[in-house]
Amino acid sequence: MNFSEIEKKWQSFWREKNLFKVKGNKKKFYVLEMFPYPSGDLHMGHLKNYAIGDVVARIKFMENYDVLHPMGWDAFGLPAENAAINYNIHPRDWTYKNIETFRETLKKAGISYDWDREISTCDPDYYKWTQWLFLLLYRKNLAYKKREFVYYCENCKTVLANEQVIDGKCERCKREVVRKEFEQWFFKITAYAQRLLDDLEKLRGKWPENVIKQQENWIGRSEGTIVKFKYRDGFLDVFTTRVDTIFGVSFISIAPEHPIIKEILKYSPNKEEIEKYVKLSLSKTDIERKTQRKKTGVFTFEYAIHPLTNKKIPIFIADYVLYNYGTGIVMGVPAHDQRDYEFAREFDLEIIPVIKPLEGNLGEILKEKAFEDYGILINSGEFNNLDSKTAILEISKKLESLDLGKRQVIYKIRDWLISRQRYWGCPIPIIYCENCGIVEVPEEELPVLLPPKLESWKPIGGYSPLENDPNFVNTICPKCKSKAKRETDTMDTFVDSSWYYLRFIDPKNNREIINKSLEKTYMPVDLYIGGVEHAVKHLIYARFIYKVLYDEGIVNYDEPFNELFTQGLVLKKFYWDPVNYKTVSEDLVIEKEGRFYHKENNIELEEKIEMMSKSRGNIVPLSKFLQENGSDVARIAILFAAPPEQNFEWTDAIVSGAKRFLTRVLNLYQNLDEFNTSFEDKELLSFLHKKIKEIREEISKFKFNTVIAKLMEFLNFLEDYKYKNTIEYKEVLRIYSILLAPFAPHVAEEIYHKLGYENSVFENSFPEYDEKYLIKEEIEIPVQINGKLRGTVKIPIEANEEIAIEILKNSEIYEKYIKGKEITKIIFVPKRMLSIVIR
RNA sequence: GCCCGGGUGGCGGAAUGGGAAGACGCACAGGACUUAAAAUCCUGGGCCCCCAAAAGGGGCGUGAGGGUUCGAGUCCCUCCCCGGGCACCA
């Protein structure tokens with residue numbers, strides 16, 4: 001019988017027993033793996049995520065918890081539409097077909113999901129509540145529509161959230177994005193910035209430190225001062241963290257996107273130049289703007305008034321100023337900010353030194369660069385001789401008293417742009433009425449269904465393809481019953497996934513998003529497992545949405561995920577053709593002197609080891625692997641290769657080891673002796689309890705790779721064990737099958753039944769160890785002479801130094817190394833070692 | 001540039017309240033079984049040196065250099081390299 005036959009047998013056994021259904025009658029444990037986007041094939045990278053979750057779920061099950069371990073599908077998204085555009089399949093059909101495949105594969109993998117709770121975000125029963133959530137935010141003024149410069153991907157023809165722009169590139173198609181002005185829907189995550197930051201403290205120690213760090217950086221709190229520079233009838237507000245340098249201001253710079261520019265254009269004699277510059281800047285990608293050799297800008301010939309000196313300050317427009325951060329206007333202090341320094345050099349502006357370093361010559365420094373450290377104020381009127389820190393407070397106070405400034409905390413995080421100009425997403429439940437303006441779709445009319453069919457799936461120049469469907473677009477205002485139009489943008493799929501963990505608790509509730517008392521029972525997620533790449537996307541959105549629901553009294557806690565485990569990637573080697581931009585299959589590669597070439601066209605190929613992905617063509621499809629080798633082999637291979645949080649490369653080598661291990665396990669239980677005698681073997685029992693102890697410790701630290709190593713040691717021991725016909729040995733075999741069960745559940749169930757049991761191995765509780773078997777009477781400890789290991793001695797466990805030395809004196813080591821020499825020092829560490837210093 | 005991780009055999013990786021470095025596995029070599037191969041089983045192994053060889057013995061070894069200590073992969077200092085995150089954030 002091969003592994004997949006064994007697996008089929010026990011999977012139906014578990015199914016018939018309804019083993020992994022939520023029971024609801026005892027202490028709960030909610031273990032959740034980040035749900036997948038159902039596209040292409042499931043591969044080893046997916047399985048790693050689910051295998052880790054399954055190990056924990058099965059252990060908790062054996063520890064008699066009411067385990068909630070569900071699975072679902074993050075099913076809206078771009079690839080479905082691309083498939084529709086390219087192959088003329090309906091996105092829905094494409095998606096549900098993939099879901100079908102994913103579900104079947106996961107069932108074959110034998111992951112202990114409660115399939116009755118399966119959800120799919122593209123299902124109207126689900127997205128009804130995504131829309132309901134939108135309306136909740138809208139009513140709380142946390143969803144708003146605004147015309148704004150936003151990131152736009154020319155290739156994907158849609159806007160993107162800041163979180164989806166990686167290094168200035170679209171996270172999906174890797175092309176550089178530009179800024180464009182659109183009217184878009186936003187979620188006001190900035191209103192929760194401080195709480196999202198503060199509550200990270202509650203997660204410390206339970207979430208990986210680097211995820212917490214990433215969120216801190218992303219929220220990017222910084223304390224500073226807003227300063228008002230009078231400009232004509234109004235003010236230009238700047239944000240600075242270094243108000244102590246305010247006497248060094250020699251210009252003001254405004255980001256090209258800033259709306260105030262329209263005002264300035266009314267007066268500026270340099271209108272044409274400004275318009276040219278703004279247009280040029282906006283056409284540049286962020287990367288182009290950032291990597292310009294020189295600072296660029298344009299003078300407006302307009303001036304603002306310095307709030308403390310009343311000096312006239314020239315106003316520039318410059319694209320090194322980020323519209324996104326602070327007020328989008330900066331005060332230029334060339335002497336104490338490197339960027340302002342470069343700008344001033346470029347435009348020949350005054351460099352006014354106002355901060356003196358504690359050591360060193362300021363004049364010398366300023367010949368080359370700005371002096372950015374704290375120091376002592378000079379050229380600053382009444383604030384001279386103050387240190388920077390004090391000056392920041394004093395100058396802020398002064399500005400506040402003049403009503404020309406105030407202390408302010410600002411954040412780097414921007415509001416979450418959730419509109420997408422796409423068909424295959426959750427429709428935004430909003431109606432535009434000629435009379436009433438923006439109107440919510442009434443709750444009883446939810447869900448706003450996607451039209452079943454469109455002429456074309458292609459987005460049209462910044463609009464969703466839904467715009468093409470008059471039946472969808474044209475509607476009646478729910479308030480005044482006059483003609484109205486529907487919002488045609490759909491929501492970012494991260495909105496769908498920001499609350500899915502709740503729905504698993506109450507997946508079929510059609511009256512409310514979740515039953516509050518069920519939520520109280522099962523939330524928070526006790527263990528959440530997924531990739532670190534979601535640190536500042538999904539994981540920050542989900543925390544935000546959950547807090548909104550908490551404030552609304554819909555949920556009972558304020559953080560959704562108690563413990564977070566971020567697993568490492570599964571990598572795979574592949575050969576990349578850098579000329580034709582594609583992966584070359586292994587049988588077309590030839591190696592010459594450590595370099596790789598294409599067999600046919602002789603192009604030199606790059607050998608790469610990267611994350612498994614369809615686009616790289618380096619995936620190991622799970623379904624095929626399961627058929628050939630079975631799920632347990634895959635699980636052992638994945639978990640044994642490296643610690644779960646670490647990346648590892650998938651190779652055939654790790655498969656052969658796993659296969660051999662499991663085959664040996666099966667063989668050990670194949671031709672069992674009659675268990676007809678009884679023999680309490682101390683060696684056997686102490687080994688057993690030692691292993692249970694070690695395995696329990698390693699499990700609690702998620703070190704599944706060493707747990708499997710221990711199981712292998714245990715197997716080696718059992719294979720060599722002499723008394724295989726005793727009742728005690730049978731008991732050890734039983735315990736071994738239980739220890740193995742979370743990691744290789746099918747093989748464990750098989751061997752457990754070989755012993756004659758008829759219930760499931762998972763109906764046993766996870767083994768405990770007993771200290772009394774761990775106590776030894778005698779112990780072997782190392783002996784070091786002058787720091788070098790020279791042998792070992794056996795001593796009674798409780799031996800003191802005198803006894804140890806006495807034993808040493810009767811040993812070969814003494815004869816050989818110590819006799820006739822003078823002992824100058826003895827270090828005896830009880831139970832551990834003996835170290836002798838001689839002369 | 002700033003902030004995190006991390007450098008251990010041919011390879012994946014064990015071992016950090018300082019106490020036998022290399023668990024476990026892969027690959028490899030020798031042997032058994034086989035007509036043969038695969039599979040399986042047994043044995044071996046960090047590197048180097050002495051010795052004809054074996055037995056035996058010695059030295060060196062956790063990125064590099066220095067320090068603390070009877071004893072350092074583990075602690076301290078300096079440096080190098082790799083991976084990840086952030087970055088014109090005012």
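Labels below follow one simple rule: chain letters A, B, ... track the order of the sequence lines, proteins then strands, and each chain is numbered from 1.
- Between K710(A) and E694(A), at least one side-chain nitrogen of the basic residue sits less than 4.0 Å from a carboxylate oxygen of the acidic one, meeting the salt-bridge criterion.
- The phosphate of rA27(B) has OP1 or OP2 within less than 4.0 Å of a side-chain N or O from R660(A).
- Residue contacts shown for Q214(A) are limited to sugar-phosphate atoms, with no base heavy atom under 4.0 Å away.
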Step-by-step ring-ring contact (aromatic ring centres under 6.0 Å, His included) determination, F316(A) to F343(A): CA-CA 10 Å; F316(A) 286 77; F343(A) 190 80; 5.3 Å; yes
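- Across the interface with RNA chain B, nearest-nucleotide mapping of Y320(A) and M833(A) shows M833(A) to be the residue nearer the 5′ end.
- Nucleic acid contact class of T792(A) (heavy atoms, under 4.0 Å, all strands): base.
- Between rA90(B), rC70(B), rC26(B), one nucleotide has an atom nearer to the side chain of T240(A) than all others, and that is rA90(B).
- Atoms CZ (R242(A)) and C1' (rC89(B)) sit 15 Å apart, rounded to a whole Å.
- When each of rC4(B), rA23(B), rC70(B) is scored by its nearest atom to the side-chain atoms of N210(A), the top-ranked nucleotide is rC4(B).
- In this structure, of rA14(B), rA90(B), rC86(B), it is rA14(B) that holds the atom nearest to the side chain of K703(A).
- Applying the 90° criterion around 0 to the glycosidic angle, rG9(B) comes out syn.
- Of the residues near RNA chain B, W218(A) and R832(A), the one whose nearest nucleotide (by heavy atom distance) lies more toward the 5' end is R832(A).
- The phosphate of rC88(B) has OP1 or OP2 within less than 4.0 Å of a side-chain N or O from K290(A).
- rG25(B) atom C1' lies 12 Å from atom CG of L715(A), rounded to whole Å.
- Within the 4.0 angstrom heavy-atom criterion, only backbone atoms of the sugar-phosphate kind lie near N705(A); the bases stay farther away.
- G220(A) comes within contact range of no nucleotide atom at all, as no heavy-atom separation falls under 4.0 Å.
- Within the 4.0 angstrom heavy-atom criterion, no nucleotide atom of any strand lies near N667(A).
- The shortest distance between the side-chain N/O atoms of Q784(A) and the OP1/OP2 oxygens of rA20(B) is not below 4.0 Å.
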Please report the C-alpha distance between R635(A) and F743(A) in whole Å, then the side-chain angles of each, then the deciding distance to 0.1 Å, and finally whether the side-chain contact (heavy atoms from CB on, under 4.5 Å) criterion is met. CA-CA 7 Å; R635(A) 295 160 61 117; F743(A) 303 92; 5.9 Å; no
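- The base of rC88(B) sits with one of its N or O atoms less than 3.5 Å from a complementary donor or acceptor on the side chain of K295(A).
- Here I699(A) contributes atom CD1 and T706(A) contributes atom OG1; the two are 9.5 Å apart, rounded to the nearest 0.5 Å.
- Contact annotation for R664(A): backbone-only contact, meaning every heavy-atom pair under 4.0 Å involves sugar-phosphate atoms and none involves a base.
- Contacts of E342(A) with the nucleic acid, taken as non-hydrogen atoms under 4.0 Å apart, are absent.
- For the OP1/OP2 pair of rG25(B) and a distance below 4.0 Å, the side-chain nitrogens and oxygens of S656(A) include no atom meeting the criterion.
- Within 6.0 Å of NZ on K794(A) lie no more than 12 heavy atoms contributed by other residues, nucleotides or ligands.
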